[in-house]
Amino acid sequence: MPSTIGNEIIKLQTIESTNNYATAKMYAENWQEGTIVQAEYQTWGRGQVGNRWESEAGKNLLCSILLKPSFLPIQNQFLLSKVVSLALWQTLSGELNDVTIKWPNDLYAGNRKIAGILIENAVMGTKIESSIVGIGLNINQEIFLSGAPNPISLAIKKKQYYDVDAVRNQLVDFMNEWYARLFNGQTKYIDNQYAEKLYRRNEFKPYRDQDGEFTGMIKGVNAIGQLQIVDRSGKIRQYHFKEVEFIYEQP
Ligand code: BTN
């Protein structure tokens, strides 16, 4: 059985990045699986593909969870992304009714991004030895400055402030449920739930790939986590991260 997530929570004021901190400390101090490091503010919050993650001090959830999913073969690593996305989806859906998962693992409220995930795995042979699951969830921030294209927060959506630790506790409960499903091999269920919650699923929308713009309909992801889009001719196109761009229509 995996250890319970959230038994140990290390709270910090200001840190470069909770992912960096967790990576550096976990070996040095032999952290237990499930340990969480949470910060009020990051001076170098990291997003996907080298982007920065903007978050005003004290307003949002910034945390990294240490997992040791040695039961998960490396070729199934996208399942971990799926269960983290689903735990976030469930947390947010307690408050909002328009939450979806934008492939591969952004959480959207309507057409705007409310949370992001940065998972960093250490691989040993064919297994994932440890995984730092970084989560940034916009809770109370009302103004975003960084020029990120479409951020939003719970407070903007609901016109109320939230207790950040209460939202974290909710997320931790759902993470424990979803991680147990992963450990128990409930792969089909995880796959189906993830596919069902995808942003723009089953709707014809505009996309751009290396051959240009096209209209297509997201159907799901394949076993290695590639996005599957069926185009107007019925052909299924499959993409790795960053190989396809979602084109946004003007509101
Ligand atoms: C993304 O680009 O969507 C991923 C954002 C991940 C941000 C979180 S905030 C806590 C953790 N520490 C980091 O430096 N990044 C992640």
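Every number for a ligand or one of its atoms is a count from 1 in the order of the listing.
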For ligand 1, which atoms, with element, lie under 4.0 Å from some heavy atom of G45? 14 (O)

Enumerate the atoms of ligand 1 whose separation from the nearest heavy atom of G47 is less than 4.0 angstrom. 1 (C), 2 (O), 4 (C), 5 (C)

Could you say whether the N/O atoms of S64 and ligand 1 ever approach to under 3.5 Å? no

Has ligand 1 got any nitrogen or oxygen that is less than 3.5 angstrom from a nitrogen or oxygen of Q42? yes

Protein contact to atom 5 (C) of ligand 1 [nearest heavy atom, distance to 0.1 Å]: W53 CE3, 3.4 Å

Rounded to the nearest 0.5 Å, what separation is found between the CG atom of N138 and the NZ atom of K157? 13.0 Å

For ligand 1, is D106 a contact, meaning one of its heavy atoms is under 4.0 Å away? yes

How does C63 reach ligand 1, by side chain, by backbone, by both or by neither, if only non-hydrogen atoms under 4.0 Å count? backbone

State yes or no: do F71 and I119 share one hydrophobic cluster built from I, L, V, M, F, W and Y residues joined by side-chain heavy-atom distances below 4.5 Å, directly or via other members? yes

Does the structure place the NZ or CZ of R237 under 6.0 Å from the centre of the six-membered ring of Y207, at an angle of no more than 45° from the ring's axis? no

Only one of N184, T4, I65, L80 passes side-chain contact (heavy atoms from CB on, under 4.5 Å) with Y179, and that residue is L80

Which ligand 1 atoms, with their elements, are less than 4.0 angstrom from a heavy-atom of L62? 9 (S)

Residue-level breakdown please: for N105 versus ligand 1, do any non-hydrogen atoms fall below 4.0 Å on the side chain, on the backbone, on both, or on neither? neither

For atom 2 (O) of ligand 1, what's the nearest protein heavy-atom neighbour? Residue, atom name and distance, please. Q48 N, 2.7 Å

Rounded to the nearest 0.5 Å, what's the gap from CD on Q38 to CD1 on I9? Could you check? 6.5 Å

Do R200's NZ or CZ and the ring of Y248 fall within the cation-pi criteria of under 6.0 Å and 45°? yes

Which residue and non-hydrogen atom of the protein lie closest to atom 16 (C) of ligand 1, and at what distance in Å? R46 O, 3.8 Å

Any K113 heavy atom less than 4.0 Å to ligand 1: yes

Does the gap between the ring centers of Y194 and F78 come in under 6.0 Å? yes

Given D106, T100, N111, the one that forms side chain to side chain donor-acceptor pair (under 3.5 Å) with Y199: N111

For T18, is at least one N or O under 3.5 Å away from an N or O on ligand 1? yes

Ligand-residue contact atoms, ligand 1 with I117, heavy atoms, under 4.0 Å: 3 (O), 4 (C)

Report yes or no: does Q42 contribute a side-chain atom to a donor-acceptor pair with the main-chain N or O of W44 at less than 3.5 Å? no

